[in-house]
A.B. asks: 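Have a look at this one.
Lettering of chains follows the sequences in order, A, B, ..., and the numbering in each one begins at 1.
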2 protein chains.
Amino acid sequence: MPYLRTCPPQPEPIDCRILTAALDLFVENGYHNVSIHEVQKRAGVSIGSIYNYFGGKEGIAQALYKHILKELDDLVDSVVAEYASPWQQCASLIRQLFGYTETHRNIIAFIFHAKHNEFLSEDPLATLSQPFIKMRSIIKKGIECGEFIALDPWVMSASVFGGAIRLIQLRLDGMLDQPLPYYEEMLLKTIETGIRKP
Amino acid sequence: MPYLRTCPPQPEPIDCRILTAALDLFVENGYHNVSIHEVQKRAGVSIGSIYNYFGGKEGIAQALYKHILKELDDLVDSVVAEYASPWQQCASLIRQLFGYTETHRNIIAFIFHAKHNEFLSEDPLATLSQPFIKMRSIIKKGIECGEFIALDPWVMSASVFGGAIRLIQLRLDGMLDQPLPYYEEMLLKTIETGIRKP
DNA sequence: CAAAATAGAATGAATGTTCATTCTTGTCAA
DNA sequence: TTGACAAGAATGAACATTCATTCTATTTTG
């Protein structure tokens with residue numbers, strides 16, 4: 001079951017096994033290159049069970065997407081609760097995303113390295129989901145409270161998170177020799193220098 | 001024919017018509033959601049012609065990919081030839097990519113907003129292609145000549161181009177109200193501040 | 001005239017889904 | 001306590017559809 005911060009129940013119920021198997025296959029091969037019979041085999045369940053729980057292939061992907069976005073949302077909430085300053089919130093969030101890219105690779109990949117609109121008909125733009133909205137809200141607060149320079153919030157958001165997302169994708173593509181925490185303070189330094197109000 | 005800086009021949013030969021039709025359909029719907037008969041109809045050619053010229057569906061995508069990467073490569077070369085300083089090269093490249101995102105949307109989308117490894121078996125990582133290698137080479141020169149701070153080249157590359165790529169994707173997803181040139185100087189300002197050696 | 005290009009119907013493998021059947025669990029009545 | 005029954009979960013073979021590709025016939029070109 002694709003949790004970031006929780007332990008999966010044991011024994012794992014059928015629906016969780018389907019989601020875990022599907023996540024691994026979708027990330028490894030791309031949604032469209034995975035047949036539902038492959039998910040079935042990897043999860044060790046019957047074809048009919050998949051339809052019973054999720055209504056079909058897209059239903060699996062939709063459930064995965066919502067579930068992982070909820071996990072991300074909780075992560076953003078915890079960061080906001082733990083730190084007072086918008087910069088610290090951004091920095092901590094990037095550190096945690098980098099850490100999870102190393103430890104929960106497929107979960108991060110499913111949200112940050114996929115074209116959801118190619119296989120989801122409902123709400124396929126991750127950037128319109130709660131966690132991303134909250135991330136932009138942190139940026140706006142940073143501008144309002146004078147910690148960040150006052151530029152367009154989309155620009156500021158791209159400046160803060162664009163480089164981090166890029167490194168995550170490069171790591172997932174196998175381009176980087178080191179785990180992401182190796183690069184993290186360097187990246188945070190350039191971001192901070194670029195967006196902090198002098 | 002998906003050129004950035006050239007005018008297409010008239011009358012357009014069959015292979016160019018196939019590539020143009022496929023580009024539009026692949027970008028609009030995602031490679032896997034487009035059937036070869038749809039490409040056929042949009043290009044106004046026969047099914048057999050497609051196999052004659054490109055060997056199959058993947059052959060079309062591969063030809064598009066190579067062709068557009070060559071266009072990008074030429075763009076990078078022209079920028080390097082026109083400007084002496086690495087920062088000016090980066091800034092000009094980002095400006096031009098933003099401009100082309102507005103005027104040649106599908107060409108930019110095919111390279112910067114797609115998961116090539118889901119439909120190409122040959123060289124599917126754009127970041128390993130010539131234009132991207134040259135972009136990183138500009139970064140390395142910036143570090144060597146002392147214009148940029150001396151951090152890991154992958155980090156610097158993500159800091160310079162990560163935010164720009166993110167804004168391109170947001171624009172392609174319809175998130176931004178304004179055309180990209182509206183945001184460009186703001187973004188360049190934060191990037192430059194973050195990576196310039198004091 | 002022969003070779004290459006073009007057209008489009010036919011092909012069959014692959015895929016997502018359905019559906020009849022079986023299994024499991026809980027409830028109720030004797 | 002046990003057996004019958006009902007409901008829902010689980011199964012997997014069969015099905016319908018779609019798709020990329022092949023093949024055959026025709027047209028065009030050198």
Side-chain angles (χ1 to χ4, degrees), chain A residues 1 8-65 110 114-122 124, chain B residues 1 9-66 110 114-122 124:
Chain A
M1 189 66 190
Q10 296 295 339
E12 213 172 6
I14 291 194
D15 55 344
C16 298
R17 282 169 35 217
I18 293 169
L19 290 183
T20 300
L23 175 65
D24 294 343
L25 288 166
F26 290 165
V27 167
E28 279 162 36
N29 303 296
Y31 174 89
H32 287 289
N33 295 314
V34 176
S35 76
I36 204 148
H37 287 86
E38 288 176 80
V39 177
Q40 175 218 347
K41 285 190 190 65
R42 188 173 282 206
V45 302
S46 72
I47 274 287
S49 283
I50 294 180
Y51 288 85
N52 189 42
Y53 280 93
F54 301 107
K57 191 178 179 186
E58 186 176 329
I60 304 175
Q62 190 73 243
L64 262 181
Y65 180 69
F110 193 69
K115 290 231 44 203
H116 304 109
N117 65 358
E118 289 181 9
F119 56 89
L120 294 176
S121 36
E122 241 187 83
Chain B
M1 189 65 189
Q10 296 295 341
E12 208 169 17
I14 292 193
D15 55 343
C16 299
R17 281 171 32 220
I18 294 168
L19 289 183
T20 300
L23 176 65
D24 295 342
L25 287 166
F26 291 165
V27 166
E28 278 161 37
N29 301 297
Y31 174 88
H32 287 289
N33 296 314
V34 176
S35 78
I36 203 147
H37 284 86
E38 286 174 83
V39 177
Q40 173 220 348
K41 285 191 188 65
R42 187 172 283 207
V45 301
S46 72
I47 276 288
S49 286
I50 292 179
Y51 288 86
N52 190 42
Y53 280 92
F54 299 107
K57 191 179 179 184
E58 186 177 329
I60 304 174
Q62 190 72 246
L64 261 182
Y65 181 69
K66 285 187 159 74
F110 193 69
K115 289 229 47 198
H116 305 108
N117 65 0
E118 290 183 6
F119 57 87
L120 294 178
S121 35
E122 243 186 81

A.B. asks: Classify the nucleic acid contact of B/G56 as base, sugar-phosphate or nothing, counting any heavy atom under 4.0 Å across all strands shown.
C.D. replies: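 Sugar-phosphate, no base atom in range.
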A.B. asks: Would you mind reporting whether A/D15 and A/F54 have side-chain heavy atoms less than 4.5 Å apart?
C.D. replies: yes
A.B. asks: Closest approach to the side chain of B/I47, judged atom by atom: which nucleotide of C/dG16, D/dA13, D/dT22 is it?
C.D. replies: D/dT22
A.B. asks: Considering only side-chain heavy atoms of A/Y53, which listed nucleotide, D/dA10, C/dA7, C/dA10, is closest?
C.D. replies: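 For the A/Y53 side chain, the nearest candidate turns out to be D/dA10.
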A.B. asks: Which whole-number value in Å describes the distance from A/I14 CD1 to C/dT24 P?
C.D. replies: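 Checked: the CD1 to P distance equals 12 Å.
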A.B. asks: Treating A/H32 as the side-chain partner and B/G30 as the backbone partner, does any N or O pair qualify as donor plus acceptor under 3.5 Å?
C.D. replies: no
A.B. asks: In whole angstrom, give the distance that lies between atom CG of A/N52 and atom P of C/dT18.
C.D. replies: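 So the CG-P distance, A/N52 to C/dT18, works out to 13 Å.
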A.B. asks: Is A/E38 reaching over with its side chain to a backbone N or O of A/S35, donor-acceptor style, under 3.5 angstrom?
C.D. replies: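 Answer holds: yes.
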A.B. asks: In whole angstroms, how far is the C1' atom of D/dC19 from the CD atom of B/E58?
C.D. replies: 15 Å
A.B. asks: From CG of A/N33 over to P of D/dC19, roughly how many Å is that when rounded to an integer?
C.D. replies: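 A/N33 atom CG is separated from D/dC19 atom P by 15 Å.
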A.B. asks: Within 45° of the six-membered ring axis of B/Y31 and under 6.0 Å from that ring's centre, is NZ or CZ of B/K57 located there?
C.D. replies: yes
A.B. asks: May I ask you to evaluate whether A/S46 reaches the phosphate of D/dT11, defined as a side-chain N or O under 4.0 Å from OP1 or OP2?
C.D. replies: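 For D/dT11, OP1 or OP2 has a side-chain N or O of A/S46 closer than 4.0 Å.
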A.B. asks: For C/dA7, does OP1 or OP2 lie under 4.0 Å from any side-chain N or O of B/S49?
C.D. replies: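 Answer yes for this pair, as a side-chain N or O of B/S49 is under 4.0 Å from OP1 or OP2.
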A.B. asks: What is the distance from CD1 of B/I50 to P of D/dT22, rounded to the nearest Å?
C.D. replies: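 Between P of D/dT22 and CD1 of B/I50: 13 Å.
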A.B. asks: Over how many whole Å does the gap from A/I36 atom CD1 to C/dT18 atom P extend?
C.D. replies: 10 Å
A.B. asks: Shortest non-hydrogen contact from A/I18 to A/A43?
C.D. replies: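 That closest heavy-atom pairing would be CA-CB, 3.9 Å.
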A.B. asks: Taking the side chain of A/Y51 as heavy atoms from C-beta outward, which of D/dT11, C/dT6, C/dT17 is closest to it?
C.D. replies: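 The listed nucleotide nearest to A/Y51's side chain is C/dT17.
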A.B. asks: Which is true for A/V39 with a 4.0 Å heavy-atom rule: it touches a base, it touches only sugar-phosphate, or it touches nothing?
C.D. replies: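 Since no nucleic acid heavy atom lies under 4.0 Å of A/V39, the category is nothing.
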A.B. asks: Using whole Å, what does the distance between atom P of nucleotide D/dT11 and atom NZ of A/K41 come to?
C.D. replies: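 To the nearest whole Å, that distance equals 14 Å.
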A.B. asks: Can you measure B/H37 atom NE2 to D/dT18 atom C1' for me and round it to whole angstrom units?
C.D. replies: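 After rounding, the gap between these two atoms is 11 Å.
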A.B. asks: Using heavy atoms to find the nearest nucleotide of DNA chain C for A/G48 and A/E38 separately, return the residue whose nucleotide is more 5′.
C.D. replies: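 Nearest-nucleotide comparison on DNA chain C picks A/E38.
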